[in-house]
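What follows is a single structure, written as structure tokens, with notes after it.
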Amino acid sequence: MIAPKSTTQLPSIPATVEKVLVVAILFWLFSANQLFFTSALKERMLSSADSWGFAFALAIMLFALHFVLLALISNRWTVKPLIGVLIVATAFAGYFMKTFGVYLDPPMLQSVLRTDIAEARELFSWMLPLHLLLYAVLPLLLLWRVRIVDAPWRRAALLRLGWLLLASAAMVAALLAIFQPFSSLMRNNKDLRYLITPANYVWSLARVARTQARDVVRARAPIGLDAVLAVKPEANTRPKLIVLMVGETARAANWGLNGYARQTTPELAKLPVINFPRMSSCGTNTEVSLPCMFSQVGRRNYDEDRILGSESLLHVLAHAGVGVHWRDNQSGCKGVCDGLPGDTVAALNPPGLCDQGRCMDEGLLHGLEERLNAVKGTQVLVLHQLGNHGPSYFRRYPPQFAKFGPACQSDDLRHCSRAEIVNAYDNALLYTDHLLARLINTLQAKASDLDSAVIYVSDHGESLGETNLFLHGLPYAIAPKEQTQVPMTMWFSAGFRQALGLDMDCLKNRAAQPASHDHLFHTMLGLLNVRTSVYESAWDLSFGCRNKAGGS
């Protein structure tokens, strides 16, 4: 007789739905909410009993909040899949929040969802698998061993109701115990809620999904349908071109023309450009800033629904008969150029400039000579840079621009000193300087046949280790100036200045005053002599400096 083969199997762990929720929430409370507790307690003395009582009440509130939300949608069949998904998502969320100090608000989640593979790849490091092993794989193995046991449905329903009542009572009691300091904290730091994990990303994902679903069924509202060119192009009129270069992640503090200790703009410094050293962005990430800076609304009357639901500056220009073209070397125009002509550097694939899904920004100038020779009438060319997009600053410039060293050569900024990070960042700015100078020199060479102008402005700034913050994307209300102060520079050919009657001394004086992304929409209309009811002269940086006032 053959003896049966013995098998060794780990015993299952019997548990009710409620016990699974309790263990999971306690695990997240202590493993994924350090940033929340650190921020909430940073003004308190940890040696004080009141501080410990405040922290304990906060923990009770967070625990009860998550329990109530999850208990309402969990049963014996859904609890394990639900907790499994949240374990993995929370592990990723915790890693990026700790590593880069980000807040998982709706704009950040929208940026994450629209991130391309090349961009996402640069955010991963060898520390991520270790983090996932500890905070995702091991908990999932434990969850796999759990066997859900449940009482008869009446008893189970009563038990669930009792747990919900107990959690709700605990949450109310904790809130009442610390109501005054808690209400003050949340009123003065509204964005703290986006550090409460996993509620932060679940809420933000729901908001993003609602917004995207709305946008799918809603067409953009047209604006500026009355737009016309004040000066009609005739057969003997010289063609006009404005090249608008939208920078990426360039901050004002490191822009050489702004007085930075290093000269990161040596080529522009030799050219007759006008620099705006006090320029503020509309947002702290591309998803917010790009639509906002091309909108009529801007930051001063910020309304996300209105901005995303309306046509942009480029559509108004198209209504006026201006030829518009968008060339992208990043992750798209975020709806700003919908329905208008455009292309991407990756699709053009200029020789020697593209590798592994990323292209050097010089690809934006690919075929520029041919395009300039073909310009007729009034045209706008928008060039959307990859610029200084982090954390892989060292990948944003060719070797010949590695002037400042040693430069960080890692996608994981934790492997580099702050000095090395800044060196790589500044080298990327040197490359942008070269790109702009090459563009201006090319346009200058065509000055006898073409009136042209260049406007460069970055979409948002970047943190490079100040107060231990890196990258960008903090909620605007609490974002440091490094993320909201950006460079802006203009250049005009002699023919463009003469045709518009542009007083350069006047514009230089205006450039010394504060400006913001809100000015771009109306300044572009003014410089192109576009008349429309949506134009506001008060927001036109060139208004009062032109003898031929357009856009009125």
Side-chain angles (χ1 to χ4, degrees), residues 122 243-271 273-281 284-286 289 329-330 345 353 358-365 383-411 413 416-441 454-466 469-472 480-491:
E122 294 175 356
V243 181
L244 173 59
M245 184 175 291
V246 180
E248 168 64 37
T249 320
R251 68 184 207 172
N254 292 50
W255 191 243
L257 293 178
N258 288 348
Y260 182 43
R262 284 176 169 173
Q263 181 49 283
T264 55
T265 54
E267 294 188 56
L268 286 176
K270 300 175 183 177
L271 295 172
V273 298
I274 295 180
N275 188 60
F276 291 74
R278 303 170 67 184
M279 186 73 179
S280 300
S281 70
T284 61
N285 61 56
T286 306
S289 273
N329 194 33
Q330 232 235 76
V345 177
L353 293 178
R358 285 295 200 200
C359 300
M360 289 294 177
D361 277 332
E362 280 183 281
L364 292 167
L365 305 185
L383 306 177
H384 187 200
Q385 271 191 290
L386 183 57
N388 278 55
H389 198 288
S392 305
Y393 309 118
F394 69 101
R395 300 185 190 276
R396 305 294 175 248
Y397 55 90
Q400 60 267 34
F401 290 91
K403 175 181 178 181
F404 305 112
C408 178
Q409 298 291 313
S410 174
D411 295 329
L413 299 181
C416 303
S417 67
R418 184 168 182 271
E420 292 171 334
I421 294 170
V422 172
N423 286 340
Y425 184 90
D426 286 350
N427 288 336
L429 284 181
L430 279 175
Y431 184 49
T432 290
D433 168 70
H434 170 73
L435 185 69
L436 283 167
R438 179 182 162 191
L439 170 62
I440 291 171
N441 288 329
V454 173
I455 299 177
Y456 168 80
V457 60
S458 183
D459 60 350
H460 55 78
E462 185 88 326
S463 289
L464 297 175
E466 299 85 7
L469 290 175
F470 292 90
L471 303 184
H472 54 267
K481 63 181 181 180
E482 289 81 11
Q483 295 189 26
T484 62
Q485 300 298 303
V486 297
M488 181 174 178
T489 301
M490 296 182 181
W491 171 87

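Throughout, numbering of the chain's residues begins at 1 and tracks the sequence.
- Between the Asp433 side chain and the Leu268 main chain, a donor and an acceptor come within less than 3.5 Å of each other.
- A donor-acceptor pair shorter than 3.5 Å can be found between the side chains of Thr265 and Gln263.
- Nearest heavy-atom pair across Gln385 and Tyr456 is OE1-CE1, 3.3 Å.
- Classification of the His434-Phe401 ring pair by plane angle, with boundaries at 30° and 60°, yields tilted.
- Of all heavy-atom pairs between Arg251 and Glu482, the closest is NH1-CG, 3.2 Å.
- Remark: the backbone N or O of Leu386 is paired with a side-chain donor or acceptor of Asp361 at under 3.5 angstrom.
- Side-chain contact, Gln485 with Ser281: no donor N or O sits under 3.5 Å from an acceptor N or O.
- Here the shortest heavy-atom pairing between Asn254 and Thr264 reads O-OG1, 2.7 Å.
- For the 3.5 Å distance criterion, the side chains of His472 and Gln483 fail to qualify, holding no donor opposite an acceptor.
- Scanning both residues, Asn275 and Met488, for their nearest heavy atoms gives OD1-O, 3.2 Å.
- Between Leu469 and Ser463, the shortest heavy-atom distance links the atoms O-CB, 3.4 Å.
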Go through the steps to decide whether Glu362 and Arg438 satisfy the test salt bridge (charged side-chain N to carboxylate O under 4.0 Å, His left out), and finish with yes or no.
-> CA-CA 9 Å; Glu362 280 183 281; Arg438 179 182 162 191; 3.0 Å; yes
